[in-house]
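Numbers here simply count residues along the sequence, with the first being 1. What you see is a predicted model, and the numbers here were worked out from it, not measured in a lab. The analysis underlying the following values was restricted to heavy atoms, covering all of them including side chains, and did not include hydrogens, waters or symmetry mates.
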Amino acid sequence: MIRPTPRAVFAFALGVPAALVLLIADPALWAFSLDYGALILALTLLDLWLALPARLLTVALDLPERIFIGENGTVTVSLAARGLRRAIPVEMLAELRGEIDPPQPVMAALPARETLRAPLAIVPRRRGKIAIDRLWLRWRGPLSLVAVTKIVAVGRDIDAVTNVRSVRNAALQFFTREA
């Protein structure tokens with residue numbers, strides 16, 4: 001999904017009053033009014049052409065088998081892009097269902113010619129299943145005039161279980177004490 005950023009809309013809107021003033025001053029200069037809009041459109045298309053295409057981004061997720069209540073679980077997202085020549089900031093957000101704290105977006109810089117591994121925190125509130133439906137990725141072109149969004153269908157579950165590690169550790173300490 002590709003859309004213009006607020007910067008592109010603001011740049012285009014900034015030229016509207018200037019174009020009106022130019023038309024009021026001399027109606028023969030109407031072509032210059034259109035040229036500004038065409039320039040912003042051309043810059044937006046250039047930014048789209050220079051932006052990383054979504055089809056070149058490879059996404060892999062590493063999910064834990066279970067997450068303990070009261071602890072942060074981590075889903076590791078691995079991103080790699082073929083032909084990337086500069087680092088780009090990528091915003092990631094997991095679309096989750098279940099009894100969890102609201103997920104927070106994660107910003108990370110995808111380095112050129114390398115794989116990025118970024119953790120996404122999941123904090124369960126209750127026992128049960130946590131469903132990861134989709135992963136949303138968003139980045140901008142080099143001029144920040146277009147935003148490219150890639151939605152990756154995940155469709156996997158993670159079990160949220162009661163944290164018994166502290167009880168198990170206390171029991172081990174109790175039974176391993178020497179008399």
Out of curiosity, does Leu116 fall in the hydrophobic cluster containing Leu56 (side-chain heavy atoms, cut-off under 4.5 Å, transitive links)? yes
Minimum side-chain heavy-atom gap Ile132-Ile122 below 4.5 Å: yes
Hey, are the side chains of Asp101 and Arg125 touching, using non-hydrogen atoms and a 4.5 Å cut-off? yes
Are any non-hydrogen side-chain atoms of Arg140 and Val148 less than 4.5 angstrom apart? no
Show the nearest heavy-atom pair for residues Ala147 and Thr5, with the distance to one decimal. N-CG2, 3.7 Å
Where the side chain of Trp139 meets the backbone of Leu52, is there a donor-acceptor pair that is under 3.5 Å apart? yes
Distance-only, no hydrogens or angles: does the Arg7 side chain make a donor-acceptor pair with backbone N or O of Leu143 under 3.5 Å? yes
Could you tell me the separation between the CD atom of Glu95 and the CD1 atom of Ile151, rounded to the nearest 0.5 Å? 8.5 Å
Are Leu110 and Val106 in one and the same hydrophobic cluster, where Ile, Leu, Val, Met, Phe, Trp and Tyr link if side-chain heavy atoms are under 4.5 Å apart? yes
Treat each ILVMFWY residue as a node, draw an edge where side-chain heavy atoms are under 4.5 Å apart, and state whether Val75 and Val123 are in one component. no
So, does Asp26 use its side chain to make a donor-acceptor pair with the main chain of Ala28 at under 3.5 Å? yes
What's the spacing between Glu114 CD and Leu84 CG if we round to 0.5 Å? 10.5 Å
When every non-hydrogen atom of Arg86 is compared with those of Ile88, the smallest separation belongs to NH1-CG2, 2.7 Å
Under the 3.5 angstrom rule, does the side chain of Asp47 hit a backbone N or O of Leu145 as a donor-acceptor pair? yes
What about Leu93 and Leu57, same hydrophobic cluster or not, with Ile/Leu/Val/Met/Phe/Trp/Tyr joined at side-chain heavy-atom distances under 4.5 Å? no
Are any non-hydrogen side-chain atoms of Met92 and Val90 less than 4.5 angstrom apart? yes
Looking only at heavy atoms, which two atoms of Ala51 and Gly141 are closest? And how far apart? CB-CA, 3.7 Å
With a cut-off of 6.0 Å (strictly less than), are more than 12 heavy atoms of other residues, nucleotides or ligands near CZ of Phe12? no
Check the hydrophobic clustering (I, L, V, M, F, W, Y; side-chain heavy atoms under 4.5 Å; chains of links allowed) and say if Trp49 and Leu39 are grouped together. yes
Of all heavy-atom pairs between Ala8 and Thr44, which one has the smallest distance, and what is that distance? CB-OG1, 4.2 Å
Are Asp62 and Arg117 close enough that some pair of their side-chain heavy atoms sits under 4.5 Å apart? no
Going by side-chain hydrogen bond (donor to acceptor under 3.5 Å, both in side chains), name the residues that satisfy it together with Asp133, two or more places apart in sequence or in a different chain. Arg97
What is the distance from atom CD1 of Ile69 to atom CD1 of Ile100, rounded to the nearest 0.5 Å? 12.5 Å
Shortest non-hydrogen separation from Arg126 to Ala160 and the atoms involved: O-CB, 3.4 Å
Side chain to side chain, Val161 and Phe68, heavy atoms closer than 4.5 Å: yes
If every non-hydrogen atom of Pro111 is compared with every non-hydrogen atom of Ala109, which pair is closest and at what distance? CD-O, 3.1 Å
Rounded to the nearest 0.5 Å, what separation is found between the CG atom of Leu45 and the CD1 atom of Ile40? 11.5 Å
Measure the CZ-CG distance between Arg156 and Leu63 for me, rounded to the nearest 0.5 Å. 4.5 Å
Main chain of Ala121, side chain of Asn72: is a donor-acceptor contact present, judged purely on distance under 3.5 Å? no
Taking the side chain from Thr74 and the backbone from Pro119, do they hold a donor-acceptor pair closer than 3.5 Å? no
With the side chain counted from C-beta on, respond yes when Leu135 and Leu120 share a heavy-atom pair under 4.5 Å apart, and no when they do not. yes
To the nearest 0.5 Å, tell me how far Leu43 CG sits from Leu48 CG. 12.5 Å
